[in-house]
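What follows is one structure encoded as structure tokens, with my remarks underneath.
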Amino acid sequence: RKGIFFTFISISIIAIFILVYTPSANITLQKDTESVKSRIEIVNRYVDELEDQYLETVLRASAHKAILSLIYYINSSSPPQYLQNFDTAFYEVIMQGNINNVPIDSVTGRKIMDNSTLANWTAKISNAAKDTYNVNTSIRISNVSASQSKPWTLDVFLNVNLTVQSDVANWEKNNITIKTSVDIEGFHDPYYIVNTNRQY
């Protein structure tokens, strides 16, 4: 009889332990899952905004400054002359702030491309993302080009590969094309600068 009594008490104590500790383990697991889910949603939103908004805004701002710098470069040459290769000059200015391996700001005497190249902006985005979201952002630019399909705007295209690494997941997007348009109204027309020798 005593053995049956002690066995019954032992089973009761074990059942109480199971009832007390099992639900809290489930709650902790559920909280961890919700936390990871929330973190993934936040970083995923950042990746989408990086592709849809941030890079387009940066591209538009850098392209506007690169075109302005190139116009001042044409105006500063003596006598004024057209760019021999617009695509090469545009790429070098928007990416590095140089023309013919010389800082364009030093040629034009105007501080336009200083800290305004695509390389500068992508580094700023990566640093801000690290501070804000605690993620490592890698933006690798494959190419940037410009063409004109309408009389008053310049179409600018940026090809990039993105990698975002966080403590819970990684995002990788390749061969993304970012497009923006730059309004040319307000720029000095190189045609008149060259053909009037800067008189108009």
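When reading the values below, keep in mind they use all heavy atoms of this one structure, side chains included, and skip hydrogens, waters and symmetry mates.
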Note, [X] side chain near [Y] side chain (heavy atom, < 4.5 Å):
X      : Y      : answer
Ile141 : Thr122 : yes
Ile184 : Thr153 : no
Thr163 : Trp171 : no
Tyr72  : Val107 : no
Val47  : Val135 : no
His188 : Asn75  : no
Leu83  : Tyr73  : yes
Val182 : His64  : yes

Write out all pairs satisfying salt bridge (Lys or Arg N to Asp or Glu O under 4.0 Å) with one or both partners inside [range], taking only residues at least two apart or from two chains.
range            : answer
residues 143-172 : Arg39-Asp167
residues 59-86   : Glu56-Arg60
residues 135-145 : none
residues 88-112  : Lys111-Asp114

Can you sort out the partners of Asn85 under side chain to side chain donor-acceptor pair (under 3.5 Å), two or more places apart, ordered by chain and number?
Thr88
Residue list, side chain to side chain donor-acceptor pair (under 3.5 Å) with Asn136, at least two apart or on another chain:
Lys130
For residues [X] and [Y], report the shortest heavy-atom separation together with the two atoms involved.
X      : Y      : result
Leu59  : Leu118 : CA-CD2, 4.2 Å
Leu162 : Leu55  : CD2-CD1, 4.1 Å
Thr117 : Gly97  : CG2-N, 3.4 Å
Ser62  : Ser116 : OG-O, 2.9 Å
Ile71  : Phe187 : CD1-CB, 3.6 Å
Ser147 : Phe157 : OG-CE1, 3.6 Å

How long is the straight-line distance from [atom2] of [Y] back to [atom1] of [X], given to the nearest 0.5 Å?
X      : Y      : atom1 : atom2 : result
Ile176 : Glu51  : CD1   : CD    : 4.0 Å
Arg45  : Ile40  : CZ    : CD1   : 13.0 Å
Lys179 : Leu158 : NZ    : CG    : 13.5 Å

Apply side-chain contact (heavy atoms from CB on, under 4.5 Å) to residues Ile112 and Ile104 and explain how you reach the verdict.
CA-CA 9 Å; Ile112 298 173; Ile104 195 168; over 6 Å; no
Should we count CD of Gln84 as having more than 12 external heavy atoms under 6.0 Å?
no
Would you check if the side chain of [X] reaches a backbone N or O of [Y] as a donor-acceptor pair within less than 3.5 Å?
X      : Y      : result
Asp52  : Glu49  : no
Asn159 : Asn175 : no
Lys124 : Ala119 : no
Asn127 : Ala123 : yes
Ser77  : Ile74  : yes
Asn100 : Val102 : no

Would you please test Leu50 and Ile125 for side-chain contact (heavy atoms from CB on, under 4.5 Å) and show each step?
CA-CA 9 Å; Leu50 178 62; Ile125 289 173; 3.6 Å; yes
Report the C-alpha separation of Asp183 and Trp152 in whole Å, then their side-chain angles, then the decisive distance to 0.1 Å, and conclude whether the side-chain hydrogen bond (donor to acceptor under 3.5 Å, both in side chains) test is met.
CA-CA 6 Å; Asp183 191 355; Trp152 308 112; over 6 Å; no
Given the rule in the side-chain contact (heavy atoms from CB on, under 4.5 Å) test, do Ser166 and Asn134 qualify, once you have shown the distances and angles that lead to the verdict?
CA-CA 7 Å; Ser166 75; Asn134 194 27; over 6 Å; no
Ignoring hydrogens and geometry beyond distance, is a side-chain donor-acceptor pair present between Thr137 and Tyr46 at under 3.5 Å?
yes
Between Ser145 and Asn143, is a side-chain contact (heavy atoms from CB on, under 4.5 Å) present by the stated rule, with each step listed?
CA-CA 7 Å; Ser145 60; Asn143 189 35; 4.3 Å; yes
